[in-house]
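For reference, the structure I am asking about is given below.
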Amino acid sequence: MSMSDPVADLLTRIRNANMRNKESLVLLSSKIKLNIVKVLKEEGFISNWELDEKGKFPQLTIWLKYVDNFPVIREITRVSKPGLRLYKKGKDCKPILNGQGISILSTSKGIMSDRKCREENIGGEVLCTVL
């Protein structure tokens, strides 16, 4: 089965696992998925991740983070879609919900959070927002 939007698939799997209060989830890995998961770990939205390269296809395991049995990720949404890309300049990246949430951007220096984009004053494609 071909997948036209692997980022949306990643976000949907995280959203579904959060709704079911799952401890972890396993999915096929790609460079963009791995980099998004690294940003989520750096910003404290997930507890850990692991890449298993045994076998034919690499698999990514993500451990979700909960505080008092409530998921840390309250909302995760795809912003830029394959049919409608959304780009922002570095100075236009405003904090989400007064800094409680983040935007994840794909920039010329890699995938990073809106905080890093503001620090380095670089823009890019807004992949998703996380609250």
* Trp63 vs Leu25 side-chain heavy atoms within contact, under 4.5 Å ->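 Not touching, per the 4.5 Å side-chain cut-off.
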* To do: Please check if any side-chain donor atom of Ser80 sits under 3.5 Å from a side-chain acceptor atom of Glu125, or the reverse.
  =>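 Yes, a side-chain donor-acceptor pair sits under 3.5 Å.
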* Asked: Any donor and acceptor pair, going by atom type alone, linking the side chain of Asp52 with main-chain N or O of Lys54 inside 3.5 Å?
  ->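 Yes.
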* Are Tyr66 and Leu40 linked, directly or through other ILVMFWY residues, by side chains that come within less than 4.5 angstrom of each other? ->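 Same cluster.
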* Are the side chains of Lys65 and Phe45 in touch, meaning some heavy atoms are under 4.5 Å apart? ->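 A side-chain contact is absent here, since even the closest heavy-atom pair is not under 4.5 Å.
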* Verify whether one side chain among Glu43 and Ser113 offers a donor that lies under 3.5 Å from an acceptor in the other. =>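 Ser113 and Glu43 do have a side-chain donor-acceptor pair below 3.5 Å.
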* Asked: Side-chain contact, heavy-atom cut-off 4.5 Å: Asn18 with Ile76?
  ->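 Sidechains of Ile76 and Asn18: no contact.
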* Cluster overlap Val26 with Ile62, hydrophobic side-chain contacts below 4.5 Å ->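 No, separate clusters.
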* **Residues Glu42, Lys116: salt bridge by 4.0 Å N-O rule** =>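 So Glu42 pairs with Lys116 through a salt bridge.
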* Taking side chain as C-beta onward, heavy atoms only, is Ile122 less than 4.5 Å from Leu105? ->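 Counting from C-beta outward, Ile122 and Leu105 never come under 4.5 Å.
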* Any donor-acceptor N/O pair, Lys91 side chain to Asn121 backbone, under 3.5 Å ->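 Side chain of Lys91 to backbone of Asn121: no pair is present.
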* **Between CG on residue Leu11 and NZ on residue Lys33, distance to nearest 0.5 Å** =>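 It is 10.0 Å, given to the nearest 0.5 Å.
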* Would you give the length of the straight line joining atom CG of Asp9 to atom CD1 of Ile14, rounded to the nearest 0.5 angstrom? =>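 Here the interatomic distance stands at 10.0 Å.
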* Any side-chain heavy atom of Met19 sitting closer than 4.5 Å to one from Pro71? ->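 Answer no - side chains too far apart.
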* Asked: Can Ile102 be reached from Val79 by stepping across I, L, V, M, F, W or Y side chains whose heavy atoms are under 4.5 Å apart?
  ->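 No, no single cluster joins them.
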* Asked: Under the 3.5 angstrom rule, does the side chain of Arg115 hit a backbone N or O of Gly99 as a donor-acceptor pair?
  ->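 Flag set: sc Arg115 to bb Gly99 pair under 3.5 Å.
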* **Side chain Arg78, main chain Leu127, donor-acceptor under 3.5 Å** =>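 Side chain of Arg78 to backbone of Leu127, a donor-acceptor pair under 3.5 Å: yes, one is there.
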* Asked: Is there a chain of hydrophobic side chains (I, L, V, M, F, W, Y, each step under 4.5 Å between heavy atoms) that links Val37 to Met112?
  ->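 No, it is not one cluster - the side chains of Val37 and Met112 are not joined through contacts under 4.5 Å.
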* Basic-acidic side-chain contact under 4.0 Å: Lys88, Asp114 ->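 Salt bridge flag = no for Asp114 with Lys88.
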* Assess the side chains of Ser24 and Thr61: does a donor N or O sit below 3.5 Å from an acceptor N or O? =>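 Note: Ser24 and Thr61 side chains miss the donor-acceptor criterion.
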* To do: Answer yes or no: is there a side-chain heavy-atom contact under 4.5 Å between Leu131 and Ile96?
  =>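 Yes, their side chains come closer than 4.5 Å.
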* To do: Determine whether Asn69 and Asn21 make a side-chain contact, defined as any pair of heavy atoms from C-beta on separated by less than 4.5 Å.
  =>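 Asn69 vs Asn21: side chains apart.
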* Asked: Under a 4.5 Å side-chain heavy-atom rule over Ile, Leu, Val, Met, Phe, Trp and Tyr, are Ile104 and Val126 clustered together?
  ->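 In one cluster: no.
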* Are side-chain heavy atoms of Glu23 and Leu64 found at a separation under 4.5 Å? ->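 Counting from C-beta outward, Glu23 and Leu64 never come under 4.5 Å.
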